[in-house]
J.: 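What follows is a structure written as structure tokens; I'll ask about it next.
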Amino acid sequence: MNGLWKPRVLGAWRVPASGPAILAVNHSHNIDGPMVMGVSPRPTHFLIKKEAFVGLLGTFLTGIGQLKVDRTSADRTAISDALGVLDNGGVLGIFPEGTRGEGDFASLRAGLAYFAVRSGAPIVPVAVLGSSEKPGRLMKGLPPLRSRVDVVFGDPFEAGDGSGRRTRRALDEATERIQKQLTSHLENARRLTGR
């Protein structure tokens, strides 16, 4: 990442040094996940759509510990693998919106709340800014080479209400809490970086 762009990393010290953690990353461009993997202070295992696991790329993603997920159904294997990462004290990376979009955390899916409530792992909000501002001249699908991309890590927070409940209502309430925290972090990151 440092060879192709100029990442500016702010707040990486906020990622817990040990124990399980979930990085909740906004997603507006293809490079957001690789950028976070490249600058995170701890190895991160992202849930990545199964369509990306083809050929050499699939072998590479599996080799670096990324997790394949079928987004068309409740993928029990992916859920089990993701919980395994957290049970082993690792870092799980999630795009809470489920797919690339505006990257504004406007429409969260319930997966993030489920993993956070089920595991008890803190959520670290991560804002990637500048990856989708303008297309590159050489490769239109990527940001311009050597352009600045900001990665801003926020304060970890607990998604649950402390009761340990895992009911549908508890997950809905956790999703609301998460959305407020992530939206607030994104606003702060934009203010901090001037983007």
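In what follows, every heavy atom counts, from backbone to side chain, and hydrogens, waters and symmetry copies are set aside. Predicted model only: the values in this text are computed from it and were never measured.
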J.: Between Pro96 and Leu182, is there a side-chain heavy-atom distance shorter than 4.5 Å?
T.: yes
J.: Would Glu173 and Arg169 pass as an ion pair if we require N to O under 4.0 Å?
T.: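 Between Arg169 and Glu173 there is a salt bridge, with a charged N closer than 4.0 Å to a carboxylate O.
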J.: So do Val128 and Val25 actually touch side chain to side chain, heavy atoms under 4.5 Å?
T.: yes
J.: Mind checking whether Arg118 and Leu83 have side chains closer than 4.5 Å, heavy atoms only?
T.: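 Yes; the side chains approach each other to less than 4.5 Å.
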J.: Would you name the heavy atoms of Phe157 and Pro125 that are closest together and state the gap between them?
T.: CE2-CD, 4.0 Å
J.: Evaluate side chain to side chain contact (heavy atoms under 4.5 Å, CB included) for Ile22 paired with Val124, printing each intermediate quantity in order.
T.: CA-CA 6 Å; Ile22 300 171; Val124 178; over 6 Å; no
J.: What I'd like to find out is whether the side chain of Ile178 reaches to under 4.5 Å of the side chain of Leu112, using heavy atoms alone.
T.: yes
J.: For side chain to side chain contact (heavy atoms under 4.5 Å, CB included), just list the numbers for Arg195 and Arg148, CA-CA rounded to whole Å, side-chain angles, deciding distance to a tenth of an Å, and then say yes or no.
T.: CA-CA 11 Å; Arg195 290 187 179 248; Arg148 193 179 87 218; 3.3 Å; yes
J.: Might you point out which heavy atoms bring Arg42 and Gly89 nearest each other, and give the distance in Å?
T.: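 Taking every non-hydrogen atom into account, NH2-O, 2.8 Å.
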J.: Kindly indicate whether the side chain of Leu10, heavy atoms from C-beta on, has any atom under 4.5 Å from the side chain of Thr193.
T.: yes
J.: Looking only at heavy atoms, what is the nearest atom pair of Val85 and Leu92, with distance?
T.: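 So the minimum-distance heavy-atom pair works out to CG1-N, 4.2 Å.
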J.: If hydrophobic clusters are built by linking Ile, Leu, Val, Met, Phe, Trp and Tyr wherever their side-chain heavy atoms come under 4.5 Å apart, do Phe60 and Leu4 end up in the same one?
T.: yes
J.: Between Thr72 and Asp70, which heavy-atom pair has the shortest distance, and what is it?
T.: OG1-OD1, 2.6 Å
J.: Nearest 0.5 Å, please: how far is CE in Met37 from CD1 in Ile31?
T.: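 If I round to the nearest 0.5 Å, the distance is 11.5 Å.
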J.: Where the side chain of Ser184 meets the backbone of Lys180, is there a donor-acceptor pair that is under 3.5 Å apart?
T.: no
J.: Where is the tightest heavy-atom contact between Val69 and Ala78, given as atom of each residue plus distance?
T.: CG2-CB, 3.7 Å
J.: Supply the atom-to-atom distance Glu51 CD to Lys68 NZ, rounded to the nearest 0.5 angstrom.
T.: 10.5 Å
J.: Tell me if a side-chain donor or acceptor on Thr175 pairs with a main-chain N or O of Leu171 at a distance below 3.5 Å.
T.: yes
J.: Identify, with sequence neighbours excluded, every residue that meets ring-ring contact (aromatic ring centres under 6.0 Å, His included) alongside Phe46.
T.: Phe95
J.: Quick one: do Val152 and Val15 end up in the same hydrophobic cluster if we chain Ile, Leu, Val, Met, Phe, Trp and Tyr together by side-chain heavy atoms under 4.5 Å apart?
T.: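 No.
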J.: Can you see which heavy atom on Ile123 is nearest to which on Ala159, and at what distance?
T.: CD1-CB, 3.8 Å
J.: How about Leu57: does its CG atom have over 12 heavy atoms from other parts shown lying under 6.0 Å from it?
T.: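 Yes, CG of Leu57 has more than 12 neighbouring heavy atoms, counting only those of other groups under 6.0 Å.
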J.: Under the side-chain hydrogen bond (donor to acceptor under 3.5 Å, both in side chains) definition, can you give me all pairs with a residue in residues 4-17, not counting sequence neighbours?
T.: Arg8-Asp150, Arg14-Asp155
J.: Tell me whether Asn88 contacts the main-chain N or O of Gly90 through its side chain, where contact means a donor paired with an acceptor under 3.5 Å.
T.: no
J.: Within the distance-only criterion (no hydrogens, no angle test), does the side chain of Gln66 pair as donor or acceptor with the backbone N or O of Thr44 below 3.5 angstrom?
T.: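 Side chain of Gln66 to backbone of Thr44: a pair is present.
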J.: Below 4.5 Å, heavy atoms only, C-beta onward: do Val149 and Leu129 meet side chain to side chain?
T.: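 Result no, sub-4.5 Å side-chain heavy-atom pair not found.
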J.: Find out if a path of hydrophobic residues (ILVMFWY) with successive side-chain heavy-atom gaps under 4.5 Å connects Met35 to Ile64.
T.: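 They do share one cluster, since a chain of ILVMFWY contacts under 4.5 Å joins Met35 to Ile64.
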J.: Below 4.5 Å, heavy atoms only, C-beta onward: do Leu67 and Ile48 meet side chain to side chain?
T.: no
J.: Flag the pair Asp81 / Ile79 as yes when at least one side-chain heavy-atom distance between them is below 4.5 Å, and no otherwise.
T.: no
